[in-house]
Amino acid sequence: MENNKLRLNIHPSGYVDELVIKDDPYKMNWVIDKQYLRENGYEESDKLFGEFTITINGKKIDSSSLIPEILQESETKINVIYNVLKQVKLTYIYDLSIENQLIWEIKLENLSSDNIIIDNLGVWLSLSYVMFRDKNVKKNIHESAAVYSSISKDFTKINAVRRDNETGNLGIYQLNGQTLSVGTYAAYNNLFFENVSPSLDGMLFHQLILAGGYDKNFKNNDWIYSKKSLTLKAGENSAWQYVIQPNKSKSDFYETAKNIGHPLVDFDPLNIIHQPSHIVVNGNNHSLKKVSAQTGKDGKKITLLDWQESNSEPQKYHIMFKPNYLGEHKITFEFSDGTQDMIVLNVMSRLNEVIDKRVDYISKELYQGENGEVPYAFTPISNQGESLGKLNLVLKKNLMGTLSIKQVQQVEESAVYYVRPKWFNQGDFTCPNNLYGDFYRCMDFEYIAHLFLLLSEFDDQTLQLNTSETYLKWAADVFMLRINPDLHKTSRGKEEAQMLGVYFLYIQRLLEKLSQHNMKDYYKKINQLWKQVTQKLNEERNSYQAAITEHYYDNAGFGPTAGALSEAGFMEGASSYGQLLLANIGYSNDFRSQNPDRWWEALTYMIHSLWGGVTAASTFKVYEALQDIDYLRASYRSTAAIMYCYDTNSVTTEPLREGMAASTYAVAGPHLNRPDLSRNRFGQSTFYSDGGIFAKLFNSANETPDWDMGEELVAYLDGIAQKTYLIMDGAEVSVINGTYEKIGDQIRVISFAPYEKEFWLISQKGTKKLTDLINDESYLFSING
């Protein structure tokens with residue numbers, strides 16, 4: 001069945017096994033297909049597009065156990081009909097009669113003479129969110145998509161964004177009915193401990209939640225999204241309708257939504273308490289009637305907000321309020337026609353306070369000291385270098401904020417007495433220890449080199465065990481091991497030494513210091529290796545091989561590659577890999593869904609603090625190189641999501657003590673692998689009890705949730721954290737990394753930068769720095785200046 005744009009095939013079992021955009025050069029199948037599952041040993045064929053689960057009066061039924069009736073009404077219209085327990089008839093109508101679109105209708109009819117309670121109705125929307133088991137990385141780039149959802153009472157929309165960001169996406173827009181949420185289920189294969197690289201492939205199956213979504217007695221702190229059941233009276237119907245239509249880009253996705261009749265809302269993803277928060281609503285034939293902000297435990301604090309309608313653009317509304325409460329805010333827009341839309345934004349304390357409290361917590365609660373169970377270590381204990389990020393954060397805060405000699409010396413003790421002997425045999429930087437059975441990870445060394453480099457930034461009066469120059473030499477030694485394949489005997493070591501990692505964030509500073517300290521041999525060799533790596537990456541940019549790491553497709557590969565090529569001045573390569581970043585960073589009406597796309601640590605679409613933060617930092621470096629504002633906006637909205645992992649004032653998740661953090665937030669609700677983790681923050685060790693790879697990575701399920709956090713905040717502090725951008729687009733004003741308020745004919749720009757601040761103006765005339773580095777929190781200047 002097809003029209004001018006789309007081709008659809010329904011399997012006799014009732015599910016959709018093919019959905020293709022006909023003029024797509026790659027002929028991508030936009031749904032997960034059974035053949036791929038079968039070929040690669042996956043057994044989730046009960047979760048294909050159009051399969052469903054329903055719970056009727058407490059009894060659960062899966063559609064895979066039912067045989068549907070399939071009726072083809074015309075060349076462009078098919079009905080798939082399920083009779084469930086002779087109580088309910090569920091009908092899918094697939095209609096391709098309108099050009100460019102697929103209209104998908106779901107009808108639910110009570111066949112009985114009694115009221116029925118639908119405790120749960122989940123319809124699988126299994127789009128091609130797949131990490132293919134294929135070293136031909138272009139398959140993952142051109143035939144896989146990230147799925148970004150915006151859940152709203154009347155205006156839910158989902159974009160499946162192809163990972164190349166260039167050859168078109170697939171949007172799903174709600175026309176009728178209410179979508180409560182979008183859940184996910186992960187199927188994966190991970191051979192990490194089998195010394196295989198790449199080692200991980202898998203997929204997420206998405207499910208439209210039309211009723212319930214959770215077991216009857218399930219409870220969590222997420223009050224933002226409904227978990228309500230559905231009651232059908234005797235003979236009553238319920239219906240949902242969606243339009244599925246291709247789009248070319250993020251802007252085209254929203255333009256299509258506008259054409260379909262959705263209002264559009266722009267908002268600040270990150271907000272600071274008592275500072276102005278800005279929202280712009282384009283009603284698009286919907287007249288605004290009421291705006292309310294809901295926050296606090298169980299959403300009990302409700303505030304009505306004022307708005308102003310634009311004089312020049314009818315049904316365009318400007319809302320500015322100064323939030324008085326910390327935590328997530330659900331902002332609901334009620335329109336005069338009875339429809340509703342919503343956004344979710346976050347309100348935090350000043351970011352320097354967040355970071356200072358985090359560092360205090362690391363110092364006071366996590367440092368073991370001389371007499372600890374693992375002397376001089378910071379808990380939780382891990383063999384992975386990522387766990388040292390918290391040490392690097394302590395040092396970076398002390399370099400940029402208020403100096404605490406005690407905090408610096410704690411990290412120094414750990415570096416000398418714990419890190420060096422653990423990762424290196426008898427402290428010999430040329431002899432790494434096999435901490436993973438019969439192998440070691442080169443990736444660990446980049447965190448250690450950064451640790452020593454940051455120690456070298458302190459004066460000898462602050463340091464107590466070695467001189468700053470000694471630490472600089474250690475940094476160079478470890479860095480050489482990280483990037484020089486000749487220093488490794490194993491094929492894995494040689495291969496990983498040539499992979500990019502987080503070291504691109506600090507290599508320029510390392511080279512600068514080596515030059516300053518006249519360490520010519522180190523400088524020459526490291527600079528030579530850096531140039532070789534980046535030049536090779538740029539020359540091979542069209543093959544995208546750097547997008548493969550230990551995994552078949554990984555933002556830990558293409559993120560650092562884009563950032564490194566930007567740092568090295570290779571604009572073509574930065575642009576090529578940069579497109580993968582733009583496709584990797586979500587957009588949504590919920591700030592928590594605007595994070596870089598990653599799933600395997602949490603088995604669901606997730607915020608991952610470390611690699612999300614590194615991806616955000618990489619995106620900012622691409623912005624600085626290419627001056628394309630799309631990268632600046634993407635970096636900032638993803639940074640706001642990353643900060644959520646450090647926010648101890650959250651009112652929709654399990655609470656964290658002041659200064660604590662959690663490496664992971666499960667965006668999806670329900671999380672169908674582990675429902676208890678739905679829309680919650682946790683550390684990956686929570687999967688220890690599930691066995692598998694997690695039981696090998698962790699010692700128990702009770703380890704603290706922040707074992708691999710810190711490096712991403714160092715990247716943030718070195719990058720976008722220092723700069724605030726005022727964007728003047730005609731009469732429209734917006735701020736990146738801050739906010740603003742108008743005072744007469746002037747604009748007061750308020751920076752959210754935690755420590756050092758620069759102000760920049762972006763306008764049609766270009767980009768210019770407004771001031772030199774200043775300590776004030778705001779900058780007042782003329783709108784016309």
Side-chain angles (χ1 to χ4, degrees), residues 268-272 275 348-359 389 392-403 450 453-454 457-458 502 504-510 512-513 559 562-564 566-567 609 612-629 631-643 646 710-727 734-740 748-762 767-781:
D268 298 330
L270 177 64
N271 303 269
I272 301 299
Q275 300 293 354
M348 296 186 69
S349 304
R350 288 172 53 175
L351 296 180
N352 64 304
E353 295 175 5
V354 174
I355 294 169
D356 289 352
K357 288 176 181 177
R358 172 65 180 151
V359 170
N392 294 343
L393 174 59
V394 172
L395 295 179
K396 192 67 184 179
K397 174 264 169 183
N398 276 279
L399 289 167
M400 297 184 73
T402 303
L403 174 66
H450 199 189
L453 175 63
L454 288 167
E457 301 278 18
F458 292 91
V502 300
F504 78 98
L505 293 166
Y506 62 84
I507 187 171
Q508 300 291 9
R509 180 56 181 158
L510 175 61
E512 181 185 354
K513 289 207 72 174
S566 299
E567 281 282 287
S609 182
V614 172
T615 300
S618 302
T619 307
F620 182 66
K621 285 191 178 293
V622 178
Y623 162 71
E624 291 198 304
L626 302 182
Q627 293 293 293
D628 182 339
I629 199 169
Y631 290 97
L632 178 62
R633 293 188 187 279
S635 176
Y636 184 56
R637 68 175 181 268
S638 58
T639 297
I642 303 311
M643 287 296 174
Y646 289 88
E711 192 73 21
E712 75 285 358
L713 278 193
V714 179
Y716 162 73
L717 289 170
D718 274 333
I720 197 172
Q722 299 181 26
K723 299 180 180 182
T724 296
Y725 295 86
L726 175 67
I727 302 170
S734 60
V735 174
I736 298 289
N737 199 29
T739 188
Y740 72 94
R748 177 174 177 249
V749 184
I750 303 160
S751 175
F752 292 167
Y755 303 112
E756 299 173 359
K757 300 173 178 67
E758 296 177 10
F759 290 89
W760 292 76
L761 173 64
I762 300 174
T767 302
K768 68 175 182 179
K769 194 174 182 180
L770 293 175
T771 68
D772 293 321
L773 197 67
I774 60 173
N775 294 318
D776 298 334
E777 286 184 27
S778 61
Y779 186 76
L780 201 66
F781 73 103

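- Checked against side-chain hydrogen bond (donor to acceptor under 3.5 Å, both in side chains), Lys396 has the following partners two or more places apart in sequence or in another chain: Asp718.
- Thr724 and Ser751 form a side-chain donor-acceptor contact under 3.5 Å, judged by distance and modelled atom types alone.
- A donor-acceptor pair shorter than 3.5 Å cannot be found between the side chains of Gln275 and Thr739.
- In this structure a side-chain-to-backbone donor-acceptor pair under 3.5 Å is present from Ser638 to Ser635.
- A donor-acceptor contact under 3.5 angstrom links the side chains of Asp356 and Tyr755, judged on distance only.
- Electrostatic pairing of Glu756 and Lys723 does not count as a salt bridge here, judged by no charged N lying under 4.0 Å from a carboxylate O.
- The main-chain N or O of Leu717 is found under 3.5 Å from a side-chain atom of Gln722 such that the two form a donor-acceptor pair.
- Here the closest non-hydrogen pair linking Pro754 and Asn352 is O-CB, 3.1 Å.
- Between Phe752 and Tyr636, the ring centre distance reaches or exceeds 6.0 Å.
- Ion pairing between a basic and an acidic side chain is recognised when a charged N comes within 4.0 Å of a carboxylate O; Glu624 and Lys621 show no such pairing.
- Residues that satisfy the ring pair (Phe, Tyr, Trp, His ring centres under 6.0 Å) test with Phe620, not counting sequence neighbours, are absent from this structure.
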Before giving the answer on side chain to side chain contact (heavy atoms under 4.5 Å, CB included), spell out for Leu351 and Ile272 the whole-Å C-alpha distance, their side-chain angles and the decisive distance to 0.1 Å. CA-CA 8 Å; Leu351 296 180; Ile272 301 299; 4.2 Å; yes
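- Ser609 approaches Ile642 most closely through the heavy-atom pair O-CG2, 3.8 Å.
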Begin from the C-alpha positions of Asn271 and Met348 and carry the test side chain to side chain contact (heavy atoms under 4.5 Å, CB included) through to its verdict. CA-CA 6 Å; Asn271 303 269; Met348 296 186 69; over 6 Å; no
Please assess Tyr646 against Tyr716 for the test ring pair (Phe, Tyr, Trp, His ring centres under 6.0 Å), listing each intermediate value before the final yes or no. CA-CA 13 Å; Tyr646 289 88; Tyr716 162 73; 9.5 Å; no
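- Side-chain atoms of Asn737 come within 3.5 Å of backbone N or O of Ile720 as a donor-acceptor pair.
- Classification of the His450-Tyr506 ring pair by plane angle, with boundaries at 30° and 60°, yields parallel.
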